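Owing to the predicted nature of the structure, the values given are computational and were not obtained by experimental measurement.
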Amino acid sequence: MDMNDILNQWDSMQKEKIRKQKESGKNQVSHKKANAPTLQEKALAEEKDFEKKLAQENSKQINPMEMWLRRYGTIDKDKIAEEIEERSKIADRNYLLSMKPEARIDLHGLRKDEAEERLNLFIGDCKRRGLKKVLIIHGKGIHTTGSDPVLGEMVRRFIERDSRLGTSGHPKTKAEGGTGATWVLIK
């Protein structure tokens, strides 16, 4: 069989096909545009497009740290901790300043060296007991001979030198001692 015979045979098959279509009454017309891709070709093209898009997305990889920062943002935990600590210090300080003294010592009638020794023992005892605010009653020095009250000055210097003691001041009212007493915060 040569090529001419094959072409003739194919031609006769095509004619037979057309004759059968005419007999059945159905004229099958393709609504497909010339050179339009088939469904399989479309699916294959979409798959390739998807692979291209995926490859492009993968090539745009972002630094994991940058992605995390974009998602969760930055929080300065040290700054927050410092602010909380500062607020608690202020609250504690205001609380301590407004609270009543937890213990008191009266140094009236004592000589300077006796008063200093008793004050030292008193502060040590208060520190061991965990007290935060004490009142030292030293008097205004009305009975003192000379210009300055002896015990008031000694108490002030004692508070300045002693590392166990912090802020100090005089009570606001005369009933609590006024300038004849000194409250002090124990560290």
Side-chain angles (χ1 to χ4, degrees), residues 47 49-187:
E47 190 176 305
D49 286 345
F50 175 74
E51 288 174 0
K52 283 181 185 177
K53 288 179 184 176
L54 188 61
Q56 286 175 348
E57 290 297 318
N58 287 341
S59 68
K60 293 181 187 176
Q61 287 210 347
I62 190 168
N63 180 354
M65 182 65 77
E66 187 175 331
M67 185 172 71
W68 190 92
L69 288 172
R70 284 182 186 174
R71 182 177 295 164
Y72 300 109
T74 57
I75 298 172
D76 189 356
K77 292 181 180 178
D78 292 333
K79 183 178 179 184
I80 292 171
E82 287 173 5
E83 288 173 358
I84 291 171
E85 187 178 335
E86 187 66 30
R87 275 189 245 132
S88 67
K89 280 182 182 177
I90 290 170
D92 287 346
R93 180 175 165 79
N94 289 338
Y95 171 74
L96 289 172
L97 292 176
S98 65
M99 74 184 276
K100 295 202 179 288
E102 299 171 301
R104 62 187 69 222
I105 184 171
D106 191 348
L107 303 176
H108 275 110
L110 300 176
R111 290 189 323 263
K112 184 178 173 183
D113 56 336
E114 288 177 335
E116 192 168 0
E117 185 179 331
R118 281 200 187 167
L119 185 58
N120 189 27
L121 292 172
F122 173 73
I123 295 298
D125 183 48
C126 291
K127 177 80 172 166
R128 277 190 296 282
R129 290 172 36 202
L131 303 180
K132 294 291 180 190
K133 188 174 184 179
V134 295
L135 184 67
I136 304 165
I137 302 169
H138 47 76
K140 295 180 182 177
I142 297 172
H143 304 292
T144 305
T145 56
S147 60
D148 291 334
V150 175
L151 294 180
E153 184 65 24
M154 185 276 303
V155 168
R156 185 182 64 77
R157 286 191 181 154
F158 182 85
I159 291 171
E160 288 175 357
R161 284 180 301 177
D162 198 327
S163 62
R164 300 173 292 183
L165 303 176
T167 306
S168 64
H170 296 293
K172 294 179 182 175
T173 63
K174 287 188 178 191
E176 294 173 336
T179 58
T182 302
W183 57 261
V184 64
L185 299 179
I186 300 175
K187 294 181 182 177

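A donor-acceptor distance shorter than 3.5 angstrom exists from the side chain of H170 to the backbone of A181, with no hydrogens or angles considered. Looking at K187, its side chain never comes within 3.5 Å of a backbone N or O of K127 through a donor-acceptor pair.
The number of heavy-atom neighbours closer than 6.0 Å to CD of E114, taken from other residues, nucleotides and ligands shown, is above 12. Within a 6.0 Å sphere centred on CZ of R161, heavy atoms belonging to other residues, nucleotides or ligands number more than 12. The neighbour count for R118 CZ, taken as heavy atoms of other residues, nucleotides or ligands under 6.0 Å away, does not exceed 12.
Nearest heavy-atom pair across W183 and T167 is CZ3-O, 3.7 Å. When all heavy atoms of L69 and T74 are compared, the closest pair comes out as CD2-CG2, 3.6 Å.
Summarising the geometry, atom CG belonging to L110 is positioned 8.0 Å from atom CD1 belonging to I105; distances are rounded to the nearest 0.5 Å. Atom CG of L151 sits about 10.5 Å away from atom CD of E116, to the nearest 0.5 Å. Distance check, rounded to the nearest 0.5 Å: OG1 of T182 to CZ of R156 gives 10.0 Å. In this structure, M99 CE and K133 NZ are separated by 7.0 Å, a value rounded to the nearest 0.5 Å. If you take CD1 on I123 and CD1 on I159, they are separated by 7.5 Å, rounding to the nearest 0.5 Å. Note that CZ of F122 is 9.0 Å distant from CZ of R104, once rounded to the nearest 0.5 Å.
Sorted by first and then second residue, the side-chain hydrogen bond (donor to acceptor under 3.5 Å, both in side chains) pairs involving residues 75-84 (not counting sequence neighbours) form an empty list.
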Problem set entry | Derivation and outcome, side-chain contact (heavy atoms from CB on, under 4.5 Å), residues L107 and M154 | CA-CA 11 Å; L107 303 176; M154 185 276 303; 4.3 Å; yes
For this session: Evaluate salt bridge (Lys or Arg N to Asp or Glu O under 4.0 Å) for E153 paired with R157, printing each intermediate quantity in order.
Result: CA-CA 6 Å; E153 184 65 24; R157 286 191 181 154; 3.3 Å; yes
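Contact of the V184 side chain with the R164 side chain is not registered, since no non-hydrogen atoms from C-beta on lie closer than 4.5 Å.
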